[in-house]
Amino acid sequence: MGDTLLSIRGLTKAYPGVVANDDVSFDIGQGEIHALLGENGAGKSTLVKMIFGLVKPDRGEMLLEGAGYAPGQPSEARRSGVAMVFQHFSLFDALSVAENVALGMENPPAPRDLARQIREVSETYGLPLDPGRTVGTLSAGERQRVEIIRCLLQDPRLLIMDEPTSVLTPQEVEILFQTLRKLKAEGTSILYISHKLEEIRALCDAATILRLGRRVGTCIPREVTARQMAEMMVGASFATPEPRGGVKGEVLLAVAGLSLPAPGAFGTPLRDIRMEVRRGEVLGIGGVAGNGQDELLMALSGERLAPAGTIRFKGTDVSRSGPVERRAAGLLSGPEERLGHAAAPNMSLTENAVLTAARRQGLVRHGLIDWGRAAGFAEEVIARFDVRTPGPGTAARALSGGNLQKFVVGREILQNPDLFVVNQPTWGVDAAAAAAIRQALLDLAAQGAAIIVISQDLDELMEISDRFAALNEGRLSAARAVADLDMEKIGLMMGGAHDMEVAHVEG
Amino acid sequence: MIRLERRLEPSRLWTVLTPLLAVALTMLAGGLMFALLGKPPLEAIRTIFWDPLFHPQFASYSRPQLLVKAGPLILIAIGLSVGFRAGIWNIGAEGQYIMGAVCGAAVGLAFYPSDSALLFPLMVVAGGLGGWAWAMIPALLKTRFGTNEILVSLMLVYVAQNILASASSSWLRSPEGMGFPGSRNFKQWPAVHNAELLPETGMHWGVVAALIAVIAAYVLLARHIQGFNIRLTGEAPRAARFAGVSPARIIVLCLGISGTLAGLAGLFEVTGPAGQVTIDFNSGYGFTAIIVAFLGRLHPVGILLAGLLMALTYIGGELAQLMLGLPGASIQLFQGMLLFFLLATDVFTNYRIRLSRREVA
């Protein structure tokens with residue numbers, strides 16, 4: 001550590017109607033892993049975009065090793081030694097690893113040299129990757145390695161990583177951390193953006209916390225608790241979900257031998273899924289994104305019909321019933337994709353309330369919609385789940401992601417489901433709201449409903465689930481009591497196919 | 001640099017304003033075109049928009065024509081708008097319109113010269129069914145094989161035109177027509193003549209049907225759950241499936257509604273203003289109705305107004321041809337401009353313009 005690599009002084013950036021960053025200052029030391037913490041909308045992305053030359057600050061300056069640094073575009077940032085691994089990869093599935101890496105470089109070397117360089121870097125940093133493999137065949141973790149190697153080939157002095165672990169299994173996370181620590185030992189600084197507090201405590205040397213565009217605190221993550229950091233992020237203390245007692249009731253949902261072909265070229269087939277959920281129970285389903293989460297939800301919600309006899313709800317075979325019948329029976333669901341799947345972007349919240357609540361809330365009589373009652377129900381969801389919006393007449397797409405999430409989850413919970421299946425219930429929601437949503441799910445279970453939570457946030461699953469199962473390539477592991485699990489077991493459940501051992505380097 | 005910025009919500013103001021702005025721009029560009037053609041622009045525009053309604057000499061003839069022309073346009077456009085709302089693009093209303101007319105007329109002529117009061121209603125039903133059946137072809141091909149309804153419905157227009165040609169020149173040809181193409185004239189057959197209901201107004205059963213369709217479509221889209229499902233399918237197909245809406249049912253429903261209404265329009269036209277099945281009785285209403293639907297913002301009341309406006313340009317255009325010697329094609333150009341400007345100004349509904357210095361976002 002010691003010297004400062006990048007010094008950020010008073011950066012300010014305003015967009016129409018919102019100040020994304022307001023007078024933000026902090027320093028990143030040489031060879032330091034610096035965490036940037038904040039809720040969604042706190043201004044992390046804008047700040048990083050300014051450092052990477054994607055956005056120009058309105059005011060303030062940056063100093064890189066004492067010299068003025070004002071990148072006009074990413075290529076300038078790269079030349080100055082700043083590289084970034086984005087949360088969403090920009091890779092071409094049909095091309096090989098080496099070709100993808102070459103596409104991201106200003107002056108790519110000859111293919112053979114490049115392949116050699118990729119091998120060297122991947123061996124040095126423990127990121128096994130075969131330059132000849134087609135990207136389409138790689139797992140999410142391996143794809144991330146392509147992006148990281150692409151950055152490392154440019155010998156960066158500062159590596160920016162935007163929520164890098166959201167797509168990784170625990171084992172892959174551990175390997176990534178080793179790589180980052182190695183980079184740090186060599187003097188590379190890392191700006192690490194995340195909202196996973198335990199990770200930051202394990203990895204980072206310093207943390208800057210943003211709230212509503214302002215820097216609200218700095219801390220040394222090892223010396224504070226995750227809860228303290230979370231409270232700094234939110235600016236208030238919030239309730240942790242209460243542990244539930246309660247007896248588990250009869251089996252509400254029984255799935256056996258459910259197999260479904262992939263819905264499209266990029267979907268995942270479901271393979272012989274079996275599970276049981278009882279009243280009062282929360283079943284957590286983990287797994288790396290893209291392993292059949294969406295497909296499982298669609299099979300349970302009735303959007304895709306299943307082979308007869310595979311899904312029994314309250315003892316009745318509902319495999320061949322659509323969403324409307326399943327909802328009538330008490331099986332409600334909340335898809336991951338808020339805009340376009342759980343809600344229609346251009347329609348008002350009232351209309352989006354009708355979307356799933358038409359029958360159960362009696363919003364339709366003789367085929368005619370009672371808009372007054374629909375607005376009333378929407379208002380109830382808005383009030384009970386603290387949705388920040390001018391009113392039920394607002395279009396869904398005008399809401400922030402977190403607020404819309406609160407609305408679509410609240411819409412289902414307030415309909416008193418017997419079974420609620422939800423995918424990524426707190427994705428992109430701020431910590432306080434996430435805690436509120438989790439509490440609402442637990443309350444629902446305490447009232448005797450069964451809950452299936454599909455999530456990529458293992459901390460969340462551990463916190464609220466009674467039992468845990470993992471999806472891997474469309475297969476669901478047997479569910480096990482959460483109390484008996486540790487991270488290693490969970491990692492193994494999440495799938496050998498994504499383990500490091502499989503993705504070894506050839507030649 | 002001029003930049004377009006997406007609005008959080010579609011602007012209500014601009015939704016209402018764009019059709020008016022489009023009309024104004026059309027008048028401007030149209031006037032320019034007329035000037036280039038060497039005609040007095042102001043007079044031409046007055047002849048098109050004002051004289052048909054208020055000219056002391058012509059108004060008595062052209063005023064009823066307004067409803068005669070607007071009736072089928074509105075009826076067809078209402079049907080189309082229901083489908084367009086769901087993202088189902090029936091471009092073949094012209095074909096459904098022709099088939100409605102041919103089927104309805106054929107059923108009627110089969111009973112010639114009956115004077116039963118039931119015959120006209122029977123023809124109406126047959127006309128609606130004819131249009132419906134013609135629209136079911138793209139509907140079933142789409143639900144079964146995933147074909148594109150735009151192409152199929154459009155192609156079927158040309159098939160329908162050939163059927164119309166053969167009907168008027170052979171199997172529906174009037175035996176008393178001295179060998180000329182064309183069916184018997186319904187105007188000379190009082191039992192089935194779709195005559196003016198009120199003298200001097202142009203109001204016939206087709207206009208009544210159009211008004212009923214406007215109200216029904218309004219209730220359907222604003223209040224009924226099926227209308228909600230239709231809009232939902234158009235806005236967010238995945239959300240519709242999540243809600244439990246079957247895409248196939250929406251396709252069949254929407255194409256069915258638009259086909260039926262187009263078929264009815266054809267039947268009312270052929271038994272009323274046109275009078276007989278001839279090779280060219282269809283004056284392109286099925287295509288013009290697409291413009292009407294969009295000009296009316298796919299909203300029933302908007303379509304009612306847009307249909308009247310479009311009818312006015314038809315009548316005024318004819319008048320301008322007569323009075324000022326404007327070429328007929330220039331009127332079609334004028335109508336085309338209307339749609340063009342509408343689509344162009346539509347950008348403001350969803351976007352706002354910002355002037356800003358350059359920035360990589």
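Naming: A, B, ... by sequence-line order, numbering from 1 per chain.
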Is [X] atom [atom1] crowded by more than 12 heavy atoms from other residues, nucleotides or ligands, each under 6.0 Å away?
X: B/R352; atom1: CZ; result: yes
X: B/W89; atom1: CH2; result: yes
X: A/F86; atom1: CZ; result: yes
X: A/R388; atom1: CZ; result: no
X: B/M337; atom1: CE; result: yes

Subject >> Among the listed options A/A342, A/S333, A/S348, A/A396, the residue most often paired with chain B at heavy-atom distances under 4.5 Å >> reply: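 The option with the most such pairs is A/S333.
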**OP:** Go through A/G322, A/P323, A/G367, A/A395 and name the one with the most non-hydrogen pairs under 4.5 angstrom from chain B.
**Re:** A/G367
**OP:** Tell me, for A/A344 versus chain B, whether the close heavy atoms (under 4.5 Å) come from the side chain, the backbone, both or neither.
**Re:** both
Original post:
By a 4.5 Å heavy-atom criterion (distance strictly below it), what part of A/E325 contacts chain B: side chain, backbone, both, or neither?
Top reply: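 Neither; nothing under 4.5 Å.
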Original post:
Does B/F242 have A/R327 sitting over its ring (NZ/CZ under 6.0 Å from centre, angle to axis within 45°)?
Top reply: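 Yes, A/R327 and B/F242 form such a contact.
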Subject >> Close approach to chain A in residues 216-237 of chain B, criterion heavy atom under 4.5 Å >> reply: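 Within residues 216-237 of chain B, near chain A: B/V219, B/A222, B/R223, B/H224, B/I225, B/F228, B/R231, B/L232, B/E235, B/A236.
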